[in-house]
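Just so it is clear, the values below take in all heavy atoms, side chains as well, and ignore hydrogens, waters and symmetry mates. Order of the sequence lines sets the chain letters (A, B, ...), proteins ahead of strands, with each chain counted from 1.
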Amino acid sequence: MSTFERVEPRVRFPELEARILAFWREADVFRRSLELRAGAPEWVFYEGPPTANGKPGIHHVEPRTFKDVYPRFKTMTGHLVRRKAGWDCHGLPVELEIEKEIGTSGKRDIEAFGIAAFNARCRESVQRYVGDFERLTERIGFWIDLSEAYWTMSTDYIESVWWSLKRLHQRGLLVEADKVTAYCPRCGTALSDAEVALGYRVVEDPSVYVRFPIVESPDPSLVGGSLLVWTTTPWTLPANTGVAVAPDEPYVQVRRAHEALVLARSRLQQTLGEGWTIERTLPGSAIVGTRYEPPYANVEGAHRVVAADFVSMEEGTGLVHLAPAFGALDLEVGRREGWPVVKPVGDDGAFTEEGPPFVRGLFVKDADPKIVDDLRKRGRLVRAEAYEHSYPFCWRCATPLLYYARTSWYVLTTRIKDRLLEVNEEVNWYPEHIKHGRYGNWLENNVDWALSRDRYWGTPLPIWRCPAGHDTAVGSLRELGELAGRDLGDLDPHRPAIDEVRIRCPFEGCGAEASRLPPVIDAWYDSGAMPFAQWGYHPELGRGIEEFERSFPADFISEAIDQTRGWFYTLMAEGVLHFDSTAYRNVVCLGHIVDRDGRKMSKSLGNVIDPFDVLDRQGADALRWFLLTSGSPWSSRRVSLEVFDEIVRRFLLTLWNVYAFFVTYAIADGFDPEATPPPPLEERPVLDRWIWSELQLTVAEARERLEAYDATAAGRRIERFVDDLSNWYVRRSRRRFWNPGGEPSPDALAAFHTLHGCLVTVAALLAPFTPFIAEELWRNLAAGRSGHPDSVHLADYPEPDPAAIDPALGTAMAEVRRIVELGRRVRVETRIRTRQPLRAAVVDRPAGSAGLAALVDLIAEELNVKAVRFADRASIGRWRAKPNYRALGPRLGARVQALARALADDDGSIAGRLAAGETVAVTVGDGAVELAPSDVELTREVGVGWGCGERGRPRRGARPRDRRDPRA
RNA sequence: GGGCCUGUAGCUCAGCUCGGUUAGAGCGCUUCCCUGAUAAGGAAGAGGUCGAUGGUUCAAGUCCAUCCAGGCCCA
C-alpha cells in the first residue's frame, strides 16, 4: 500500500481537470469554502454581468480569470467572499439577434410580428446563451454561485430598478426633454453616446456651397448679394431656419461679374479661390440680423443671421446653416431665438409631407443628390464636391445615424458631477493612470444620461401619464396594482403586458385614466443597478435590505477597459445617485485580448479563438496562467493557440515533472511524511536550507503582490521558484532520493521532507491561479495528512516563516550558480566534456567569501572536478578598472570621459593598486583625480594556460580553470 | 479633431517609477553536450538604429518636446 497515488509521467491536463471538476462537484468544495469563512470579515465582490448575447469568446475568459483569482486569494486569507453570478439580459443586441432570426427589419416588422412573441424570443435567446456562459464558467474553474445568479430581466430585479427610478423622478432628476440625439432610423431608437462611438466610419458625403439671397440687412449695401453657406448634409436644408456667424471674425463681401457673396475673410481663398474682388470687409457682428430667402420655404419668422461661438474658421465659409431639428447646437440657438423646430423627416428617416415634394418618402441620405440637383437647377448652387469625413453609423445595423430632435428621458447626472469626481478619489484604480486619465476625463465631460429607448426588450420606463399630462412614477407591481385597482402580483413587468395596465391618475383632483409611456430604459442602467437590484432591494417592500447593506460598496470589481464608459461609470453613477457613495473601492481594469496581428477579435474578421478549443487542448490552467502572468494585464495582449503550448511546457510540465519525480521516489523508498518527523531545518543540508529560504521569500512576495492586486508579479515569482526547485534543487539533489529498497537515510529524509514541503506550499500558492493542478498536487501530497483539509481551496494561504529566510545563503547560491554556469561554458569552450573528471576548478574569488566555502561541493559535483580552489589573485592575469560612473559622474562631470580613457590605457598598474585597496591619483587632462577602490569596477584579464570564463559587472569573478593536467 | 495607452530580438514580453556607458528572459532557429525527470535538462551562436527626430545631461531604452504607427475611449 503506497502512501501516495502513483503519478502518470505523461499527463493530459484537460483530463486531469475533468477529474478535479468532478471532485469539486461531489465534495461540494465551493460551498464549503464559503461555509468555512462564515462569520469572517466580508470582502465584497461584484460580478459585472456579461451580456448573454452570442457565444462566449476567449476575451470573456480574461476578466473571469481575474474575477476568480482575487476572491480565491481573499478566501484563503480568511475572508468571506460571497460570489453571486449575474446576467445582463436586456438591450438592443438581444433584439437584433432575434430580428436576424425571424427576418424582420425595423420596428414596424416587430410590431407586426407581435411584441409578446418577440419578447418571448428574446427571453429564450438569453436563456440559451446563459447556458453557454455557465458551461464556460464552470470549465475554467471560475467559482461563482450560478444557482443564485441575478438576472436583470427578473421581476424582483426590475422592481428594484423601478424603485430607484421612482426616487429619481421624485427628486426631479429623471426628466423628459427635447434633445438632439443620434438616432437610428432603422432600429427606431436613439443611441447612447457610447453606442454612437462604436460606429464611426470614414465616408464621402456631398459638400455643397449654397447661395442664401439677402433680402434685408442692417447694412443695406449687402442686399442684392447672397450669403455663401456650406453644409455636408444637403438633406437638412429644407429644415433651415437660420445662419450663424462668428461675431468677432472679419467677413468680406466679394464680387465677380454680377455676383456678390458674403463669407469669412479667412475662408475666401480656400472656398472661392482667385478671380474675386473684395468690395468690403466687416465684422461678423455687422451681418447679424440680416434676413435671407431660405433654400426651401418652411416657416415664418425665422431665417435670420445670428451670432454664435461655435462657428469654425477651419472649414466651410464661416456662415453656418442652422436646422434646429438636426443639430444640438442648432436646437439651442433656435430655442434662444424662438424659432419653430421644422421637422420634415419622420421616425423612419424618410421625408414626410412637410418636405419638398420631390423628396417625399425618400430616405434622407438618398435625397441628398436630388436636393443638390434641385439647388443647381434653381441657381442656388455655387459649388458641389465630394467630402471625406467620419460619420457615425449604427453599430449594429450599419444604417447612417441621424442627429434628430426627439423627446427622451434623461437622468440629470450633470447635477452630481462634482460628487462623482469626489467619490472617484476614493477608488483605487489598477492601473493607476485610469483614475485621472481616461476615467477622470470621462467624468469631467459628464453629460446627462439619455435613459429612454424606444424599443421592446428592456426594463419598461415606469411612468404613467394621464391626458392632463400628470406623470406618475411607479415603484413596484404592488403599487401599480393599488393604482390599477387589481392584483398584479403575477404580472410579467415586460412589454406588452405592462403597456396594457391603465391606472387612475393619483394627482389631486384628477383621477383620469393614465397609461404607461412607451419607452424602455437603457440596459446599462440595469447593470449599474446590480449592487442593490441583485438582491431585489426594495425598502418599500421590505426586501433585500440586509443583503444590500452588508455588501455595499464592493471591495473589488474587474472588467476590461472598455467598461470605463460602461459599467464602471453606470455603477458609480447609480451609487452616487441613490446612495451618495462610490459603488466600489478597487478596480482592476484589463486590456483587451487581440489576435496574433494585434487586431481586435470579432466575428466579422473571423479571428475569434473559441475558448473551448484551448480548454480541450491545453486546459483551463494553461489558459488562466497565460492570462494572469503573460504580459501586462492592462495592456492588450496577442494570443494564438500556440502560446498556450508554451505555458504547458514551460510551467505546468516543469511543475508536473518535479511532482512526478517526488512521488515516484517517495513510493520507491516508502517515504511517509507523517511516519518520520521532518528533521529540524538547521540540521538539513545547505541545499535544503537554501530552497526553503527561497520558498519563504516566494510566499512573502506572492502575498504582498496579491494584496496589491498584482497577480502577474505574484505568479511570475512563483514560476521562478518552480524553476529553481526543478532546475537547481532537484537537479542537485537527485541522488539523495535514490535509496532503493532500504530505509531512507537521514539525508534522504531531509530531501524528501524538503521537497514535499515545497510542493505542498506551491500547491497552496498556486491555488488561486491554477486551481486544478494545485488541487491535484494537494490531494495526493497533503490532503488528510497533518490535519490538512481535503481540498487546497479549503486551506489557508501560506504564510512566510521569517526565521527560515537566509539572505546570505541566497546570495551565495546565486554566486555558485553563476560560477557553475561559467565552468560549464569553459568545459564547452575547451572541449573537455563534463563526464571527464578534472583535478581542480579555480575560482577567482576570495576563499570563504559570501559563504561560498559551504557550497564548494556543489560546484565540484556539478562540474565534475575533484577540488575547487580559490585563486591566488596575483597569479592570474592582470586587473582592469572601469569608472564607477554612478559615483564619479556627479563628482567629475565631463572629466569622467577623460578618466575612462586613461583607465582604458592603463597597463594594469593603476588597477592593480586599486585592487589591493589603495587610493591612487590619476592624471586626467590638466588635473589629478584621487581614485578610491569604490570609484571603479575591477575585472580581470587572464593569461595563457587557463580556460577562462568571465562575468563582468556588477559581480566580478573571472573564473579560470586549470587545464594543465586534464587527465586524472 | 481631443484624451488615454502601447511601440524593445523572427514571435510573446521584462527593463522605463528613481538616467550610469556591454539592453535581458522565454519561445523559435543553428551547433554541441547530457541520457537514473527524457513529450525533459545543460552550453554556445546568430538575431536589436530600444518606432522617428530634436532637446536636456559628463551620460538617455529610461527625462522633456514634436512627429509616425497601432489600440481603446470621446467628438
Any protein N or O atoms within reach of nucleotides 62-66 of chain B? Criterion: under 3.5 Å, listing atom names and distances.
none

**Report entry** Given RNA chain B, 5'-ward residue of the pair A/N445 and A/L725, judged by closest heavy atom
**Finding:** A/L725

Requested in this report: By nearest nucleotide on RNA chain B, pick out whichever of A/S630 and A/L653 is the more 5' one.
Outcome: A/S630

Requested in this report: Under 4.0 Å between any heavy atoms, over every strand shown, what does A/R734 touch: base, sugar-phosphate, or nothing? Just pick one.
Outcome: base

Requested in this report: Tell me what A/S726 touches on the nucleic acid: a base, only sugar-phosphate, or nothing, going by heavy atoms under 4.0 Å.
Outcome: base

**Report entry** Donor-acceptor under 3.5 Å (A/N780 side chain, A/F4 main chain)
**Finding:** no

Query raised in the report: Just by modelled atom types, is the A/V730 backbone N or O under 3.5 Å from a matching donor or acceptor in the A/S733 side chain?
Result: no

Could you state the [atom1]-[atom2] distance from [X] to [N], rounded to the nearest angstrom?
{"X": "A/W738", "N": "B/A37", "atom1": "CH2", "atom2": "C1'", "answer": "10 Å"}
{"X": "A/I561", "N": "B/C74", "atom1": "CD1", "atom2": "P", "answer": "12 Å"}
{"X": "A/F626", "N": "B/C11", "atom1": "CZ", "atom2": "P", "answer": "16 Å"}
{"X": "A/R731", "N": "B/C34", "atom1": "CZ", "atom2": "P", "answer": "13 Å"}
{"X": "A/H592", "N": "B/G70", "atom1": "NE2", "atom2": "C1'", "answer": "15 Å"}
{"X": "A/F651", "N": "B/G26", "atom1": "CZ", "atom2": "P", "answer": "16 Å"}
{"X": "A/E719", "N": "B/G26", "atom1": "CD", "atom2": "P", "answer": "11 Å"}
{"X": "A/D723", "N": "B/G41", "atom1": "CG", "atom2": "P", "answer": "9 Å"}

Report summary line: Side-chain atoms of A/R649 come closest, of B/C27, B/G41, B/U38, to B/C27

Query - Side chain of A/D562 (C-beta onward), nearest among B/C73, B/G36, B/G41 - result: B/C73

All side-chain contact (heavy atoms from CB on, under 4.5 Å) counterparts of [X], not counting sequence neighbours:
{"X": "A/N441", "value": "none"}
{"X": "A/P431", "value": "A/H433, A/I434, A/C589, A/W634"}
{"X": "A/E444", "value": "A/K417, A/L421"}
{"X": "A/R735", "value": "A/W738"}

Pairs: protein N or O with nucleotides 15-18 of chain B N or O, under 3.5 Å:
none

Got a sec, which residues hit ring-ring contact (aromatic ring centres under 6.0 Å, His included) with [X], two or more places apart in sequence or on another chain?
{"X": "A/F326", "result": "A/W235, A/Y404"}
{"X": "A/W567", "result": "none"}
{"X": "A/Y709", "result": "A/Y70, A/Y430, A/F556"}
{"X": "A/H60", "result": "A/F133"}

Kindly give the atom pairs (protein nitrogen or oxygen, nucleotide nitrogen or oxygen) under 3.5 Å for nucleotides 2-9 of chain B.
{"unit_1": "B/G3", "atom_1": "O2'", "unit_2": "A/N441", "atom_2": "ND2", "d": "2.2"}
{"unit_1": "B/G3", "atom_1": "N2", "unit_2": "A/R438", "atom_2": "NH2", "d": "3.4"}
{"unit_1": "B/C4", "atom_1": "O2", "unit_2": "A/R438", "atom_2": "NH2", "d": "3.4"}

Could you tell me if [Y] and [X] have a donor-acceptor pair between their side chains, going purely by distance under 3.5 Å?
{"X": "A/D688", "Y": "A/T754", "result": "yes"}
{"X": "A/R717", "Y": "A/T698", "result": "yes"}
{"X": "A/D448", "Y": "A/T414", "result": "yes"}
{"X": "A/D205", "Y": "A/T232", "result": "no"}

**Report entry** Contiguous Watson-Crick or G-U pair runs (3 or more, under 3.5 Å) in RNA chain B
**Finding:** B:1-7 with B:68-74, B:10-13 with B:24-27, B:29-33 with B:41-45, B:51-55 with B:63-67

In whole Å, measure the gap between the [atom1] atoms of [N] and [M] for me.
{"N": "B/U56", "M": "B/A60", "atom1": "C1'", "result": "10 Å"}
{"N": "B/A44", "M": "B/G51", "atom1": "P", "result": "28 Å"}
{"N": "B/U8", "M": "B/G15", "atom1": "P", "result": "14 Å"}
{"N": "B/U31", "M": "B/C50", "atom1": "C1'", "result": "29 Å"}
{"N": "B/C64", "M": "B/G19", "atom1": "C1'", "result": "13 Å"}
{"N": "B/A46", "M": "B/G28", "atom1": "C1'", "result": "13 Å"}
{"N": "B/C5", "M": "B/A9", "atom1": "C1'", "result": "24 Å"}
{"N": "B/C58", "M": "B/C63", "atom1": "C1'", "result": "16 Å"}

Query raised in the report: Angle class for the A/W429/A/Y439 ring planes (parallel below 30°, perpendicular above 60°, tilted otherwise)?
Result: tilted

Query - Close side-chain approach of A/L16 and A/V11, heavy atoms under 4.5 Å - result: yes

